[in-house]
Enquirer: 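Submitted below is the structure of interest, expressed as structure tokens.
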Amino acid sequence: MTKLSLPSLPTLNSVVTCQSDYDPESLRVDQALQIVQDFVRPGANALETETVGIYQSLGRVLGKDIVSPINVPAADNSAMDGYAFAGSSLSVDASTSLQMIGKGFAGHAFVGDVEAGQCVRIMTGAIMPNGCDTVIPQELVKVDGEQVQFISTSVKAGDNRRLKGEDLSVGSPALTAGKVIRPADLGLIASLGMGEVAVKRRLRVGFFSTGDELRSIGQDLDPGCVYDSNRYTLFGMLSRLGVEITDFGVVRDNPEDMRRAFSDAAAQCDAVVTSGGVSVGEADYTKQIMRELGDIAFWKINMRPGRPMAFGSIQSNGHQAVLFGLPGNPVAVMVTFYQFVRNALLAMSGATELAPQAMQARASENIRKRPGRTEFQRGIIKSDSNGINTVSITGAQGSGVLRSMSEANCFIILEHDQGTIQAGDLVNVVLFEGLL
Ligand code: AMP
Ligand code: MG
């Protein structure tokens, strides 16, 4: 991976506002996002490509442009079950009558020429016979022996014909490198007769939780302890991105364990995601070790939840990994992941389409909000009987209330300068479906 240097933080003079809680050290969400995006910009650390079978390419990032080696479809063919004929045979009279001279099926073309006044019984997908450019659907004709009759105005010349190469023509770009391969793309690749696909290798992402109070599943929950849930949330979120993940477990708040975990993860991975230990004023070693091993910026971000975060790179064994030190609170982990980590990892993976777009919905209730920070509330969006989307919050919105994420189906994003929302106001939402 190319060595990256951490850009200097933007000056904050431009963001001074009159809020009483204004913190000159805090970054706006959009500023922090810009720094992350610049740092992991596509191409800065382009991954190698590897060739996989078509089934294995689902969800992977396309490594090279695919140029169509053939026309799809290969020849003009019928879009309907019906009768093929020359459009010039359409009568100027009310009714057109044609003589049927044969049949053509998909995979079994009619052989021969079709003259004026003649037609061929044809099925969907069958090659258009010589001399034919139009198909009349079978529902619109009356057949009497070899005579096929229909109302002349029921079709126009050229109707119901699929043109050679109308899906893809020889030499045209079918798919562009950087596309995440979805079901339609698999079909498109198959339609070109290709059984193998060049994809970027999977990004390697390591993750661990930090904290002396964390207990793992199967251990007793001692007083003051909590089960480590962040590693499971991170496992789920990372799995959805199609990256190769390595779980480095729970790391205790002591310098030796921390140093070993960060070094091991950075030596093996392209990116490392951790949770906990980055809170303002926290008395643990996470920040110290991160700084010792890498080039790290610590941020307070004007957002809720998820205020503290570390971002930068760490070196180990001659290898550099991008580091995301997320907060410890379970909801803050998810919010900061979706706000900062998801798109960065996709960009590092070489993917060109990133965040799902925000959409708007009407707030079904007042939502309290202070200007001067971006809030990510957990919402439930519903369509009413008129198809209008309304959204409500999931109740308790504390950054430790993971249930709020579990019950929600969207984030409600309340922008930096926005104040309290009144019921009926439009708010931005990002659906979990497609994101999570
Ligand atoms: P920290 O950022 O390390 O100060 O953690 C903030 C809060 O999140 C504390 O209440 C921690 O107990 C909690 N927390 C930290 N890591 C985890 C984790 N992996 N699973 C569940 N809760 C956690
Ligand atoms: Mg901690």
Side-chain angles (χ1 to χ4, degrees), residues 53-55 57-58 62 64-177 179-198:
I54 182 168
Y55 287 121
S57 72
L58 184 64
L62 187 63
K64 293 184 184 142
D65 291 353
I66 295 182
V67 173
S68 181
I70 55 170
N71 284 309
V72 182
D76 290 4
N77 67 85
S78 177
M80 304 286 268
D81 292 342
Y83 298 84
F85 61 98
S88 55
S89 297
L90 280 169
S91 171
V92 290
D93 301 332
S95 167
T96 294
S97 186
L98 302 171
Q99 187 206 359
M100 182 171 49
I101 60 164
K103 293 178 179 172
F105 299 107
H108 301 279
F110 171 81
V111 183
D113 294 325
V114 179
E115 311 288 340
Q118 296 180 330
C119 69
V120 164
R121 174 82 173 118
I122 198 163
M123 295 297 155
T124 305
I127 291 180
M128 291 294 280
N130 285 340
C132 297
D133 61 5
T134 308
V135 174
I136 175 86
Q138 62 189 16
E139 299 78 16
L140 302 179
V141 304
K142 260 198 264 163
V143 182
D144 182 8
E146 288 185 354
Q147 282 312 113
V148 176
Q149 210 184 351
F150 54 90
I151 298 165
S152 302
T153 53
S154 51
V155 280
K156 295 191 304 298
D159 276 1
N160 304 316
R161 169 187 53 159
R162 299 171 182 154
L163 294 173
K164 168 181 170 175
E166 78 174 16
D167 194 349
L168 289 167
S169 58
V170 175
S172 66
L175 294 171
T176 316
K179 189 163 200 317
V180 176
I181 298 172
R182 292 198 244 256
D185 307 317
L186 279 192
L188 201 66
I189 292 165
S191 77
L192 301 177
M194 298 172 66
E196 292 186 326
V197 187

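Because the structure is predicted, anything quoted here is derived from the model rather than measured.
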Enquirer: Who pairs with N77 by side chain to side chain donor-acceptor pair (under 3.5 Å), at least two apart in sequence or on another chain?
Expert: R162
Enquirer: Would you mind listing every ring pair (Phe, Tyr, Trp, His ring centres under 6.0 Å) that reaches into residues 112-139, with sequence neighbours excluded?
Expert: none
Enquirer: Quick one: OG on S68 to CG on L188, what's the gap to the nearest 0.5 Å?
Expert: 8.0 Å
Enquirer: Go through the structure and list residues passing side chain to side chain contact (heavy atoms under 4.5 Å, CB included) with S88, not counting sequence neighbours.
Expert: A86
Enquirer: Would S91 and S152 satisfy side chain to side chain donor-acceptor pair (under 3.5 Å), going step by step from the backbone distance to the final call?
Expert: CA-CA 6 Å; S91 171; S152 302; 4.6 Å; no
Enquirer: Does anything in residues 154-177 pair up under ring pair (Phe, Tyr, Trp, His ring centres under 6.0 Å), and if so which pairs, sequence neighbours excluded?
Expert: none
Enquirer: Just grab all the salt bridge (Lys or Arg N to Asp or Glu O under 4.0 Å) pairs involving residues 184-194, residues at least two apart or on different chains.
Expert: K179-D185
Enquirer: Hey, could you give me the SG/CD1 distance between C119 and I101, rounded to the nearest 0.5 Å?
Expert: 8.0 Å
Enquirer: For I136, I'd like to know if atom CD1 has over 12 heavy atoms of other residues, nucleotides or ligands within 6.0 Å.
Expert: yes
Enquirer: Give me the atom names and distance for the closest heavy-atom approach of I70 to S191.
Expert: CD1-O, 3.6 Å
Enquirer: Going by the ring pair (Phe, Tyr, Trp, His ring centres under 6.0 Å) test, which pairs reach into residues 118-143, not counting sequence neighbours?
Expert: none
Enquirer: Quick one: salt bridge (Lys or Arg N to Asp or Glu O under 4.0 Å) pairs with a partner in residues 87-102, sequence neighbours left out?
Expert: none
Enquirer: Ignoring hydrogens, what is the shortest heavy-atom contact between F105 and M123? Give both atom names and the distance.
Expert: CD2-CG, 3.2 Å
Enquirer: List the residues meeting side chain to side chain contact (heavy atoms under 4.5 Å, CB included) with T176, not counting sequence neighbours, and say none if there are none.
Expert: D65
Enquirer: Any side-chain heavy-atom pair from T96 and S89 closer than 4.5 angstrom?
Expert: no
Enquirer: For L163, check side chain to side chain contact (heavy atoms under 4.5 Å, CB included) against everything at least two apart and list the hits.
Expert: D76, R161, E166
Enquirer: Kindly indicate whether the side chain of I66, heavy atoms from C-beta on, has any atom under 4.5 Å from the side chain of P173.
Expert: no
Enquirer: Is there a donor-acceptor contact under 3.5 Å from the side chain of T134 to the main chain of A157?
Expert: no
Enquirer: Roughly how far, to the nearest 0.5 Å, is the OG atom of S154 from the CD atom of E139?
Expert: 11.0 Å
Enquirer: List in chain and number order the residues that pass side chain to side chain contact (heavy atoms under 4.5 Å, CB included) with Q138, two or more places apart in sequence or in another chain; answer none if no residue qualifies.
Expert: D81, Y83, R121
Enquirer: Quick check: do N130 and V111 have side-chain heavy atoms less than 4.5 Å from each other?
Expert: no
Enquirer: Enumerate, atom names and distances included, each donor-acceptor pair closer than 3.5 Å involving a side-chain atom of residues 141-150, sequence neighbours excluded.
Expert:
unit_1, atom_1, unit_2, atom_2, d
E146, OE1, Q99, NE2, 3.2
Q147, NE2, S97, OG, 2.8
Q149, NE2, S95, OG, 3.0

Enquirer: Just jot down the side chain to side chain donor-acceptor pair (under 3.5 Å) partners of D133, sequence neighbours excluded, or say none.
Expert: none
Enquirer: So, for A198 and L62, which heavy atoms are closest and what is the spacing to 0.1 Å?
Expert: O-CD1, 3.5 Å
Enquirer: Do you know the tightest heavy-atom contact between L90 and V155?
Expert: CD1-O, 3.7 Å
Enquirer: Can you tell me how far OH of Y55 sits from CG of L186, rounded to the nearest 0.5 angstrom?
Expert: 9.0 Å
Enquirer: So which atom in F110 and which in G102 form the shortest heavy-atom distance, rounded to 0.1 Å?
Expert: CE1-CA, 3.8 Å
Enquirer: Minimum heavy-atom separation for I181 to S57, with atom names?
Expert: CB-O, 3.4 Å
Enquirer: I151 versus L140: any side-chain heavy-atom pair under 4.5 Å?
Expert: no
Enquirer: Supply the atom-to-atom distance E196 CD to I189 CD1, rounded to the nearest 0.5 angstrom.
Expert: 12.0 Å
Enquirer: Mind checking whether I122 and P129 have side chains closer than 4.5 Å, heavy atoms only?
Expert: yes
